[in-house]
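The sequence lines fix the lettering, A, B, ..., with proteins before strands; numbering per chain opens at 1.
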Number of protein chains: 2
Amino acid sequence: MKTERNPENTRHRILQAAFQEMHKHGYQGMRIDRILTKTGLKKGALYHHFSSKQVLGYAVLEERIQKRITALWIDPLTSFADPLEGIHTLFTELENDWDDAFFSLGCPLNNLAQEMSPIDDGFRKRIQNFFKFWQKAIADALKKGQRQGIVDSSINTENCALFILASIEGALGMTKNHQDKEVYYICSRELERYLNTLKATYTH
Amino acid sequence: MKTERNPENTRHRILQAAFQEMHKHGYQGMRIDRILTKTGLKKGALYHHFSSKQVLGYAVLEERIQKRITALWIDPLTSFADPLEGIHTLFTELENDWDDAFFSLGCPLNNLAQEMSPIDDGFRKRIQNFFKFWQKAIADALKKGQRQGIVDSSINTENCALFILASIEGALGMTKNHQDKEVYYICSRELERYLNTLKATYTH
DNA sequence: ACTAGTACAAACCAACTAGTCTGTCTATAA
DNA sequence: TTATAGACAGACTAGTTGGTTTGTACTAGT
């Protein structure tokens, strides 16, 4: 009986297990040994694919977390006719895409941002760049709305996008601590109140 | 030359050093040895005052973090004539009370909430109760505004208070990651836009 | 002044943790 | 078929971590 070998699959399994570890325990709380137990691999295998815990951490951030957020939160932004409605839809219908782990463990990107920003500039800058990318995507959607006359032309789209992002992350953080999805839905409805202030006023 | 003894002061110094450690590294990243270096004490002294790292962590949360937030953020809420203006004032003038560490290291309460909620129910419940206490204080201020006719009587004050809290924590998180106070001020101005939607409408 | 509990210091320890080293099996290309 | 590099396993290690044990100087109560 031959040992099955599939390096790409092995690497993927390590990334998946490491992601779960980081999502629950944070980067510092992530344990290499737990990843090995979860994957059934040995140290030699893990360190063959990733030269250090830090390299593995960066890989989880870039190859799993950022890619997934891009697919679920950022790419869809361009597909909505009304950006304000689109943002709110994206915000409220997230329950279908992300499972319960998202509510009980929070946004993996923001978790890392809060934990690592003060102590590892490699993490901090990667996350900061991605947040800027995300913010720009929201701002672009709002600008498109401005050109269509749906969004108030006097607002600063970058500033609004930043606040929207901060509110979403804040709401997810509260939800995680309260362990109650309802917290998220309440914040979602209040964010809608804010989004309504960005509508174009038809007074002319 | 006698050794100076001052148990209350020693306990306070440990709490202070532990707070700084937790603020920067998180609870898991906090190292007992660094606290000893910072205070100049030995292990015997620390473990005489606190029986474990966990007990010390809980003490930092309750005796330093929660007390300080109560004094700077919650107690002042009752002193404003207009709660909406009061909340915004409290939010923007925070730079005077909390030093730069607050911007670069984030809100110590929310840091702990994000880090520990999934892995330590003792932390989670203590923080949750305190967030509820904070939320209630904001809601009470809004209710007072409703009775005065300043705040829209149709809003759900608890829901609005929750969103305000989430937004503040979210904004501080963004600020920490971007290492830029301006991020905070931008969010502050956008929160003002939200707060304005809570004003009583004088249409009668 | 005596005593007993308090407030520490100093040395020690077991468990853990990331990372290394060596060797072996496997797939692939010549 | 065989040489070579890749993909692992298994055992090991140096350093770290929270925590303990023991001893001692100080101090408050009597």
Side-chain angles (χ1 to χ4, degrees), chain A residues 1-61 63 112 115-116 119-123, chain B residues 1-61 63 112 115-116 119-123:
Chain A
M1 179 184 153
K2 290 196 275 185
T3 306
E4 298 168 32
R5 272 198 183 180
N6 193 335
E8 278 186 34
N9 182 46
T10 300
R11 188 190 145 89
H12 185 264
R13 275 164 55 215
I14 295 171
L15 277 173
Q16 168 66 2
F19 167 73
Q20 290 175 352
E21 269 286 304
M22 286 171 66
H23 201 186
K24 178 164 186 182
H25 300 276
Y27 171 77
Q28 297 181 93
M30 169 175 88
R31 297 289 173 247
I32 301 293
D33 282 347
R34 280 201 295 260
I35 296 173
L36 300 179
T37 302
K38 216 172 270 185
T39 56
L41 294 167
K42 302 296 175 182
K43 281 234 169 115
L46 191 145
Y47 279 92
H48 174 71
H49 288 280
F50 301 95
S51 58
S52 71
K53 182 183 175 182
Q54 194 184 49
V55 166
L56 175 58
Y58 289 172
V60 168
L61 172 60
E63 297 178 36
L112 265 182
E115 179 190 5
M116 301 306 291
I119 56 176
D120 185 309
D121 230 43
F123 270 113
Chain B
M1 178 184 153
K2 291 197 274 185
T3 307
E4 296 168 33
R5 271 200 184 179
N6 193 336
E8 278 185 35
N9 181 47
T10 299
R11 189 190 145 89
H12 185 264
R13 276 164 53 216
I14 295 171
L15 277 174
Q16 168 66 4
F19 167 74
Q20 291 176 351
E21 269 286 303
M22 286 172 66
H23 201 185
K24 178 165 186 182
H25 297 94
Y27 171 77
Q28 296 180 95
M30 169 175 89
R31 296 291 170 244
I32 301 293
D33 282 348
R34 280 202 294 260
I35 296 173
L36 301 178
T37 303
K38 216 172 269 184
T39 55
L41 294 166
K42 303 295 175 182
K43 281 226 171 127
L46 190 146
Y47 278 91
H48 174 70
H49 288 281
F50 301 95
S51 58
S52 71
K53 183 184 176 183
Q54 194 184 51
V55 166
L56 175 58
Y58 289 171
V60 167
L61 171 60
E63 297 178 36
L112 266 182
E115 178 191 6
M116 302 306 292
I119 56 178
D120 185 309
D121 230 44
F123 270 113

message: According to salt bridge (Lys or Arg N to Asp or Glu O under 4.0 Å), who are the partners of A/Lys43, at least two apart in sequence or on a separate chain?
response: A/Asp33

task: Five pairs at each end of the helix from C/dA1-D/dT30 to C/dA30-D/dT1: take the axis at both ends and give me the angle between them to 10°.
output: 10°

statement: Taken to the nearest whole Å, CE/A/Met30 to P/C/dC16 is 19 Å

query: For the pair made of NE2 in B/His25 and P in D/dT17, what is the distance, rounded to whole Å?
result: 10 Å

Between D/dC12 (P) and A/Asp33 (CG): distance, integer Å: 16 Å

message: Does C/dC8 have OP1 or OP2 under 4.0 Å away from a side-chain N or O of B/Thr10?
response: yes

- request: Starting at atom CZ of A/Arg11, determine the distance to atom C1' of D/dG6, rounded to an integer number of angstrom.
  value: 15 Å

- request: Could you go through the side-chain contact (heavy atoms from CB on, under 4.5 Å) check for B/Arg31 and B/His25 one step at a time?
  value: CA-CA 9 Å; B/Arg31 296 291 170 244; B/His25 297 94; over 6 Å; no

field: Note, A/Ile35 side chain near A/Met30 side chain (heavy atom, < 4.5 Å)
entry: yes

task: Might you point out which heavy atoms bring A/Glu63 and A/Leu15 nearest each other, and give the distance in Å?
output: OE1-CD1, 3.4 Å

task: Of all the heavy-atom pairs spanning A/Ile119 and B/Lys24, show the shortest one and how long it is.
output: CG2-O, 3.7 Å

Side-chain atoms of residues 44-52 of chain A: list all donor-acceptor pairs with protein atoms under 3.5 Å, sequence neighbours left out, distances to 0.1 Å.
unit_1, atom_1, unit_2, atom_2, d
A/Ser52, OG, A/Gln54, N, 3.4
A/Ser52, OG, A/Val55, N, 3.2

message: Can you see if the side chain of A/Arg31 gets near the phosphate of C/dA18 - specifically, an N or O under 4.0 Å from OP1 or OP2?
response: yes

field: Protein-nucleotide distance (A/Ile32, atom CD1; D/dT16, atom C1'), rounded to Å
entry: 16 Å

task: May I ask you to test the A/Leu56-A/Lys53 pair for a side-chain heavy-atom distance under 4.5 Å?
output: no

- request: For B/Phe123, check ring-ring contact (aromatic ring centres under 6.0 Å, His included) against everything at least two apart and list the hits.
  value: B/Tyr27, B/Tyr58

message: Using whole Å, what does the distance between atom C1' of nucleotide C/dC16 and atom NZ of A/Lys53 come to?
response: 12 Å

- request: List in numerical order all residues of residues 35-52 of chain B for which some heavy atom is under 4.0 Å away from an atom belonging to DNA chain D.
  value: B/Lys43, B/Tyr47, B/Ser52

statement: Whole-Å distance, A/Tyr27 OH to C/dT17 C1', equals 12 Å

query: What residues form a salt bridge (Lys or Arg N to Asp or Glu O under 4.0 Å) with B/Lys38, not counting sequence neighbours?
result: B/Glu21

